[in-house]
There are 2 protein chains.
Amino acid sequence: MKIGEIAKAAGVTTSRIRFYEKRGIIAPAARGANGYRDYPEELVALLRFIEQAQGLGFTLREIASVEVRSGPHPISCDEAIRLLSAKRDAVDALIAEAKERMRKIDTLIGELRENQESPKE
Amino acid sequence: MKIGEIAKAAGVTTSRIRFYEKRGIIAPAARGANGYRDYPEELVALLRFIEQAQGLGFTLREIASVEVRSGPHPISCDEAIRLLSAKRDAVDALIAEAKERMRKIDTLIGELRENQESPKE
DNA sequence: ATAGGGCTTGGACCTAGGTTTAAGGTCAAG
DNA sequence: CTTGACCTTAAACCTAGGTCCAAGCCCTAT
């Protein structure tokens, strides 16, 4: 598959694919006789995985550290589980913080509303 | 308070404070006769709030939209409630997003563990 | 064979959020 | 009065994650 085809199939831009290759997030593509990049269809899954991982808050660096070493089946090792667990904890902490902040905001809103109802103080 | 003092008190760098001022995240500081920035102690709390908000995933732009207006000209009670409510909704959305993120992470971890138990297919 | 797309490269540019640096002014202590 | 710590500015630089562009090749259809 040419770069445009795989980009379309995976729903990413061609420039992004080349960017990923340049940064080592994906392996350099094989080249046809004309110099065009030639991709196996499996790369579609990988590109989707990268997007998914980014959506989960992973940096490209983190993704590369998992993906590059483990080849075509990227998400299948202890390390991936370790990284995901760490990320899970981080997201959990984020939620706790956000809830605390919301509680504070709610308190503040409540106070303001009271102020409004009894403007005299 | 001079910039170094307030920076230390708030646990941020002086360059960051100047950067915030330049970007309009905080109001321009008063200046002493020597041209030095002179800060009220309340700014410590604001700087801490900015860090907190960033920790919750808010961009500086979003933070500025609330902060700048609550600075020089005190906003009305109504407007404060409106802004806070918008913020509340944003935090709420963030929490929802984070929960979804965690759900996906848990799913992935589950799949990986299954993969581990039944190795190659 | 000529037009149009798609491909190649490198490098410039972009937003976000800062840090670092250069060149200089100020202040308090010794 | 000199030293060192602190302040001022603008501008350059940085990482992350990309996009855009120019100049030029390749392929396919008409």
Side-chain angles (χ1 to χ4, degrees), chain A residues 1-41 43-44 46-68 83 87 90 94, chain B residues 1-41 43-44 46-68 90 94 97 101:
Chain A
M1 293 173 92
K2 284 187 289 184
I3 195 169
E5 294 168 342
I6 200 137
K8 198 170 175 188
V12 303
T13 60
T14 57
S15 55
R16 205 151 142 188
I17 295 175
R18 287 192 279 259
F19 169 75
Y20 286 168
E21 184 179 309
K22 203 158 55 182
R23 288 290 173 90
I25 280 87
I26 61 178
R31 299 297 180 119
N34 53 14
Y36 288 13
R37 286 175 180 79
D38 184 19
Y39 293 101
E41 205 176 322
L43 200 70
V44 174
L46 177 51
L47 289 169
R48 287 197 177 130
F49 170 72
I50 291 171
E51 280 238 282
Q52 195 186 9
Q54 280 189 293
L56 296 179
F58 288 94
T59 65
L60 289 182
R61 191 172 297 238
E62 288 172 318
I63 294 165
S65 73
V66 175
E67 178 275 309
V68 152
L83 285 170
K87 188 56 66 177
L94 178 88
Chain B
M1 291 174 91
K2 285 187 289 183
I3 195 170
E5 293 167 343
I6 200 137
K8 198 170 176 187
V12 303
T13 61
T14 57
S15 57
R16 204 150 142 187
I17 294 175
R18 292 193 196 98
F19 170 75
Y20 285 168
E21 185 179 309
K22 202 160 56 183
R23 288 290 174 91
I25 281 87
I26 61 177
R31 298 298 180 119
N34 52 16
Y36 288 14
R37 285 174 181 81
D38 184 19
Y39 292 101
E41 204 176 324
L43 199 71
V44 173
L46 176 51
L47 289 170
R48 286 198 178 128
F49 171 72
I50 291 172
E51 280 238 282
Q52 271 185 315
Q54 280 189 293
L56 294 179
F58 292 98
T59 65
L60 288 183
R61 191 172 297 237
E62 288 171 320
I63 295 164
S65 73
V66 175
E67 265 346 300
V68 148
L94 180 79
E97 200 191 318
R101 202 175 267 198

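Values in this document were obtained by computation on a predicted structure and should not be read as measured data. Residue numbering restarts at 1 for every chain, and letters A, B, ... go by the order of the sequence lines.
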Within-4.5 Å side-chain heavy-atom neighbours: B:Lys8 and B:Lys2:
no
I'd like to know if the side chain of A:Glu62 reaches the main chain of A:Thr59, judged simply by a donor and an acceptor atom lying under 3.5 Å from each other, with no hydrogens or angles considered.
yes
Would you give the length of the straight line joining atom CZ of A:Phe19 to atom OG1 of A:Thr13, rounded to the nearest 0.5 angstrom?
10.0 Å
Check whether any side-chain nitrogen or oxygen of B:Arg37 sits under 4.0 Å from OP1 or OP2 of D:dT9, and answer yes or no.
yes
Contact under 4.0 Å: B:Arg31 side-chain N or O vs D:dT9 OP1/OP2:
yes
What is the separation between atom CG on A:Leu60 and atom C1' on D:dT15, rounded to the nearest whole Å?
12 Å
B:Ile3 side chain near B:Arg18 side chain, heavy-atom distance below 4.5 Å
yes
May I ask you to test the A:Thr14-A:Ile6 pair for a side-chain heavy-atom distance under 4.5 Å?
no
Quickly work out the A:Ile26 CD1 to D:dG17 P distance and round it to whole Å.
15 Å
Mind listing the residues from residues 2-22 of chain A sitting with a heavy atom below 4.0 Å of DNA chain D? Number order is fine.
A:Thr13, A:Ser15, A:Arg16, A:Phe19, A:Tyr20
By nearest nucleotide on DNA chain D, pick out whichever of A:Asn34 and A:Arg61 is the more 5' one.
A:Arg61
How long is the straight-line distance from CD1 of A:Ile63 back to CZ of A:Arg61, given to the nearest 0.5 Å?
12.0 Å
Which heavy atom of B:Ala9 sits nearest to which heavy atom of B:Met1, and what is that distance?
CB-CE, 4.3 Å
Atom pairs under 3.5 Å, N or O on each side, protein against nucleotides 22-25 of chain D: can you list them with distances?
none

Roughly how many Å is it from CE in A:Met1 to P in C:dC7, rounded to a whole number?
11 Å
What residues form a side-chain hydrogen bond (donor to acceptor under 3.5 Å, both in side chains) with A:Gln54, not counting sequence neighbours?
A:Tyr20
For DNA chain D, what is the dot-bracket line, given that a base pair needs Watson-Crick (N1 to N3, plus N6-O4 or O6-N4) or G-U wobble (N1-O2 and O6-N3) geometry with both distances under 3.5 Å, and | means paired with another strand?
||||||||||||||||||||||||||||||
B:Glu5: which residues meet the side-chain hydrogen bond (donor to acceptor under 3.5 Å, both in side chains) condition with it, sequence neighbours left out?
none
Please tabulate, for side-chain N and O atoms in residues 23-37 of chain A, each donor-acceptor pair with protein atoms closer than 3.5 Å (sequence neighbours left out).
| unit_1 | atom_1 | unit_2 | atom_2 | d |
| --- | --- | --- | --- | --- |
| A:Arg31 | NH1 | A:Gly35 | O | 2.9 |
| A:Asn34 | OD1 | A:Tyr36 | N | 3.0 |
| A:Arg37 | NE | A:Glu21 | OE1 | 3.1 |

Give the C-alpha distance, both sets of side-chain angles, the deciding distance and a yes or no for side chain to side chain contact (heavy atoms under 4.5 Å, CB included) between A:Ile50 and A:Leu60.
CA-CA 8 Å; A:Ile50 291 171; A:Leu60 289 182; 4.0 Å; yes
